[in-house]
Structures are given as C-alpha cells and as structure tokens.
Amino acid sequence: MESSLVDQAVLGQFVDALIGEKYPNQPNAVSDGARKDAIRALDYQILKAILGSLTKEQGGELSQLLKKEDSDEATFENFFKSHNIDLENVIKSVMTKFRDDFLKGGQNA
Amino acid sequence: MPKNPEFSNNSAINESNETNENREAIRAINQERGDKVNDIETLLREREALIKRNDELKAILGKPEAPKEEVEVTPAALGEQATKNPRFKRMITGLVIGLAASFAVGGIAAHGIHSTKAAPDIVGGGPATKAPVMTEVSAPSVPELTTVSFDTVSENRFAGETANGRTYDYTEYADREHKTSYNAYGYDYSGDHGDIEKTKNNINHIATDSPEVLASYSNRILFDDEKEKLGIKNMSDVEIDNLLETSEKGGELQESMLTALKSNNVIGSSDTTKTEYLPVEKSGLQHTIYNYWVDSNKDGSMTPDEMHIGYDSKKRNNAKQTILKRTRYDANGKVVESRQMLLNEECGYQPCDEKAPVGIPQIDESKPVPQVINGGGPNGGGGEDPTPPDPDPGPKPPDPDPDPGPKPPDPDPTPTPTPTPTPSPKPKDPDNLGRIDDKVNKDIAGDDGTGGVNPGHNPGVSPEDITAPPSPGDYGGTTPVTTPSEPSKGGEDVQPTNPGNDYGDNQGGANDGNANPNPVQDNDEGQDAADENEQSTPPTSGNDLEDALDDIGVN
C-alpha cells in the first residue's frame with residue numbers, strides 16, 4: 001500500500017464532490033483508476049506544498065519532531081505557527097488550484 | 001615549690017588564684033567557642049542566602065539549552081517521515097476536512113465525517129473554520145515504508161515491454177510535475193517551437209514511447225506503399241493501435257513503423273523522401289486525438305493495453321504547432337507524393353486535423369433515433385438539438401451534389417441522420433467506453449486547449465452514438481473560402497509543390513479525394529457559432545470512409 005499524507009477517504013470524498021459537480025447525474029463519468037489517480041495527485045501536491053514551505057533548517061526541525069513519540073498534533077501546529085507558516089492557507093491554495101484545474105478543463109489535446 | 005607550712009595561707013591564695021585563672025581560661029575558651037559558633041552560624045546563614053540567591057538566578061536565567069543538532073534531511077526522507085507519523089497526518093487531515101467544507105462542494109461533513117466541533121456551514125459556502133479534532137474517523141493505518149520523492153515520477157509501472165514485444169514509456173503522461181493540466185497529453189513542448197533539431201528529436205522520442213502516438217503518426221504520414229508493406233493500409237488510428245496490441249509480433253511491427261517514420265528512404269525503393277518540420281501558429285477549430293488511460297487492472301500501472309486513443313475538438317488561438325511533411329521525389333527530383341500532419345506542441349505533439357474527421361456512423365434503425373450529435377442544423381455543422389428526437393425520422397436521401405457549396409439554412413430544425421449502417425472501428429476495451437453527452441461536449445467546445453483537468457473522461461465511441469457523415473462544407477462556418485495555410489515561420493524551405501497545396505491537401509495515395517474542397521477559413525464569428533454546437537466525433541476508418549462516401553454518392 002502506498003503511504004499517503006491525508007486520509008484517503010477524506011480526499012476521496014473531496015474528489016467525488018468535484019466529479020459530481022463537473023459531471024452531474026453521470027455516475028460513470030470518471031473511471032476508478034482516474035479517480036484514484038486524482039486522489040493520489042492531490043495528496044502528493046499537498047505534501048509537497050507543506051514541505052516546500054519550510055526552509056532547510058525548519059525541515060530538520062520538523063524531522064526531529066516527527067521522530068519523537070511524544071509529538072502530538074498541538075506540537076506540530078505550534079511548530080508551524082512559531083515559524084509563521086499558515087498551514088491552512090498552504091493547503092487551501094493547493095486544493096483551490098486542484099479544484100479549478102479539475103472543473104475548468106477538458107482534454108488538453 | 002614545696003609547700004611551706006609557714007605559708008599555708010599563701011597556698012589557699014594560690015589555689016584561689018589558680019581557680020580564677022582556670023575560670024578565666026575557661027571563659028576565654030568559651031568566649032572563643034562562642035565566637036566560633038557565631039562565626040559558624042554566620043557562615044551557615046550566608047550559605048543559605050547564597051543558595052537562595054542561586055536558585056533565584058537559575059529561575060531567571062533558565063536552564064541552559066542544549067546545543068541544537070544540525071540535521072540534514074532530504075525532502076524525500078522528510079516526506080516519508082511525515083506520511084508515517086499518524087499524529088501529523090491527523091493534523092493535516094483535520095485541516096483538509098475543514099477546508100473541503102469551505103469549498104461548498106458538498107463538504108466532507110455532509111458525507112458523514114463529523115468532528116467534535118460544529119461542522120461549518122456548507123450551504124452557499126461558509127467561512128473556513130479551524131480544523132476540528134477528528135474523533136469519529138478511524139485513525140489512519142500505519143503506512144508501509146514508501147519514499148516520497150519530489151523528483152519526476154519515474155517508476156516501473158509506467159514503462160516496460162508488453163508480452164508481444166511492444167516497448168513503451170508513459171512516464172511523460174504519468175508525470176504530474178510538468179503538466180499543464182491533470183490529463184494532459186504529454187509535456188508542453190512549445191518552448192522548443194522553431195528549433196527544428198529539438199522538434200525532430202522530441203517527435204521521434206514521443207513516437208518511440210507511445211505505441212498509440214506511433215499508430216496515429218503512421219496513419220497520417222506514411223505513404224501507401226509503406227503502409228501496405230506494414231499491413232496497416234486503409235486502417236484507422238484505433239485499428240492500427242489494435243493491431244499493435246493483438247499481433248503476435250507487435251514489437252516487430254512497432255519497430256518497423258518507427259523505422260519507416262524516421263527514415264528518409266522509402267522502404268524497398270530507390271526514391272528519396274525528404275522530411276520537413278515547419279513551425280506554425282494555428283487558430284481555429286481543430287479535431288485532435290489524445291491518449292487516455294483507463295486503469296483496467298486497477299494497479300496504477302500504465303500499459304499500452306490500458307492506453308487508448310480518443311478524439312476531441314478544440315478551438316485554437318495562435319497555438320504553437322509543427323507541420324511534419326514528408327515528400328517523395330523520383331530520380332529526376334520531381335515530387336511523386338507527399339504527406340503531412342499537424343502536431344500540437346503544447347500537448348506532446350498530438351496530431352490535429354483541421355478538416356473534420358470522417359465519421360463512421362452506425363445507426364440501428366430498429367431503435368428510436370437519439371439526439372443527433374453531428375450534422376444538420378442551420379449552421380450546416382455539428383448541432384446540439386434542443387428538440388426531442390423524432391422517433392421515426394426516416395432515412396435522409398443521399399446528397400446528389402458532391403460539392404454543394406455553402407449550405408442554406410435548414411428550415412426544419414429537426415435533424416435527420418443519414419443511415420449508413422457500416423460498422424464503426426472496435427475500440428480496444430468496450431467496457432471502458434463513455435458516451436458523448438451535452439455537458440462534456442459543451443466543455444470541449446468551450447475549451448481553448450490551454451489547460452484543464454479531466455481525469456480520464458473520454459468521449460469514446462459507443463455503438464449507440466449517431467453521427468451523420470460530414471458533408472463538404474461542414475464546419476465551414478457561414479462562408480467557407482479556400483485559403484492557403486499560414487506561411488511557415490523560421491522553418492526549412494518547402495520544396496515547390498502544386499499551387500494551393502496547404503496542410504489540408506495531401507497528394508497521392510488513399511488520401512486523394514478526401515481533401516475538403518472548402519477548407520475552413522479562420523472565421524471567428526463562424527467558428528464561435530460552430531463551436532457553440534460543436535461536438536466530439538467518433539474515430540474513423542479509411543475503408544468505412546470510402547463506403548460512406550459511396551453511399552451518399554460523393555465518390
């Protein structure tokens with residue numbers, strides 16, 4: 001099983017909602033493979049955006065936190081806050097772009 | 001001093017004196033002791049004060065920090081750590097849930113994943129809320145060790161060799177880093193526009209990597225005798241692709257086709273062939289093919305058996321494209337025949353056709369006629385019929401005039417398809433075909449081809465699709481006028497050919513007679529009107545084209 005950052009069921013529902021918006025009343029508009037690919041792509045883009053918002057030193061710091069057993073969600077939240085990284089905004093930008101690309105495009109022939 | 005009785009009183013005095021001295025000494029000792037005790041007490045007090053002061057200072061200054069370890073971690077390693085830490089993942093997932101709801105696309109909350117805090121208002125789009133703590137969603141399972149790489153995707157599941165020897169490499173199609181849209185057809189090569197050497201190398205490598213592209217290139221650019229030797233004469237793109245898949249020696253056929261494409265010598269002939277790459281910029285409606293992937297075995301791999309050829313229509317606006325032209329000369333240098341194809345650089349050099357692809361309509365006359373996708377309508381071109389389909393339209397009489405010129409407005413808005421019960425080319429995997437529908441076709445018509453996401457949707461071909469064969473003048477807007485193609489910019493010199501030989505007019509071979517006598521002129525108004533009604537069309541076949549044209553009396 002390929003590891004992912006975001007719970008796949010959560011991303012799956014987001015993608016399904018986009019599919020439903022783009023192809024209303026067409027349950028078979030998108031194949032299973034394409035749907036999975038979309039979920040994987042979105043997960044990857046979110047991961048990359050988050051890690052891309054860090055400097056090298058911050059990446060090392062996060063790495064240390066990730067290794068610790070007692071790092072909880074608040075620890076990670078505080079980490080990003082302490083470095084003035086608006087994590088919510090970072091993820092929102094990725095999801096917005098993904099949504100826009102998905103809804104506006106046809107085949108890029 | 002011995003005691004002297006005569007001095008007994010002195011002894012008493014002396015004893016008294018000694019006692020006094022002792023007492024003095026004792027007093028002195030005590031005094032000294034007391035002083036010392038006092039000193040000790042003082043010292044103790046001072047010590048306590050110092051200790052207290054030390055504690056205060058410690059509290060103020062804090063514990064000295066341990067020196068920070070400088071850890072170098074690669075993005076890949078960090079990504080792997082991130083995807084393996086369940087608490088970090090939970091935090092991110094919580095943020096995503098909150099954000100998804102704010103997009104008002106139905107919202108995660110509406111689908112049953114709840115949080116301990118009130119779900120945001122998703123009707124009409126509520127404000128983004130702070131990510132709630134997830135309590136009702138099961139914790140993500142610990143993932144297997146997988147390295148996340150920010151490099152270009154290049155895995156075994158996108159490249160390899162099939163059982164019959166075809167080689168492929170779909171990395172370019174799988175790689176999301178360099179795409180302009182989710183389902184883009186390869187990379188955007190418009191940056192190499194005008195660089196003939198790079199263009200040539202790019203096209204060769206794409207034809208090598210994708211058997212589907214090779215099939216579509218071969219169909220357009222090989223001469224008839226080359227096709228005949230390869231056994232692909234009079235076949236459509238899809239049929240050639242199918243042959244590559246089903247032939248026992250598909251790998252050898254692929255190799256032969258590549259050799260023919262790259263060679264400047266006609267197979268088995270002493271004639272010479274020249275290949276030219278002419279950079280152009282094109283506007284207007286184009287009919288294009290693309291690759292689309294269906295993950296039939298659901299393993300995330302891309303194989304040629306899962307890659308299919310689809311057809312689409314796009315309105316271009318100064319799109320950077322390349323005309324690849326092959327011209328055959330005889331021993332005297334006279335042009336014998338030529339072939340050319342138009343390739344869209346933004347989309348991995350996809351072949352485009354400026355004239356409408358020839359359709360192979362398949363009509364089951366026993367069934368009611370569904371909505372006509374192509375043909376009819378006041379514009380003379382593809383039309384979306386707003387009226388309910390006529391259950392018994394009857395056959396349309398064949399057009400006796402092969403060159404009717406501009407088509408007059410149709411007083412009867414109810415479209416009637418022309419019955420031509422010839423079989424359509426069979427796609428590779430009929431279970432994965434989709435139907436052309438209004439919404440998708442509107443999307444396609446409105447797309448200017450510069451981007452977009454469509455995860456795997458394919459208009460495909462369905463036996464139930466009805467398409468009337470386009471008659472000359474279709475897609476011609478309101479006033480089709482013959483016009484030469486745009487002059488090439490910065491390309492190699494074009495060998496002299498027959499006057500008026502533009503892109504849409506191949507010489508010699510089976511393509512003769514198929515040239516549209518009224519090629520499309522860039523006509524924005526007409527194009528806009530045609531685009532409004534333009535629909536995707538099914539794939540074509542050379543044999544069926546001739547049969548269809550025979551049926552309507554064109555040939």
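Numbered from 1 within each chain, the chains take letters A, B, ... in sequence-line order.
The line from CD1 of B:I92 to CD1 of A:I50 is 3.5 Å long, rounded to the nearest 0.5 Å. With values rounded to the nearest 0.5 angstrom, A:L62 atom CG is found 5.0 Å from B:L78 atom CG. Separation of atoms CD (B:Q81) and CD (A:Q64) is listed at 8.0 Å; rounding is to 0.5 Å. Distance check, rounded to the nearest 0.5 Å: NZ of B:K89 to OG of A:S3 gives 6.5 Å.
Pairing each heavy atom of A:L66 with each of B:N85, the nearest pair is O-ND2, 3.0 Å. In terms of heavy-atom proximity, A:L5 sits nearest to B:A82 at CD1-O, 4.0 Å.
Distance alone, capped at 3.5 Å, places no donor-acceptor pair between the B:R90 side chain and the A:E73 backbone. Checking side-chain atoms of A:S63 against main-chain N and O of B:V73 turns up no donor-acceptor pair under 3.5 Å.
In this structure the side chain of A:F14 never reaches within 4.5 angstrom of the side chain of B:V96, judged on heavy atoms. Using a 4.5 Å cut-off on side-chain heavy atoms (C-beta onward), B:I97 and A:D7 make no contact. In this structure, A:T96 and B:L99 have side chains that are not in contact, with every pair of non-hydrogen atoms separated by 4.5 Å or more.
Counting non-hydrogen atoms of other residues, nucleotides and ligands closer than 6.0 Å to CG of A:N25 gives a total of 12 or fewer.
By the side-chain hydrogen bond (donor to acceptor under 3.5 Å, both in side chains) test, A:T75 pairs with A:D72, sequence neighbours left out.
Only the side chain of A:F80 comes within less than 4.5 Å of a heavy atom of chain B; its backbone N, CA, C and O stay farther away.
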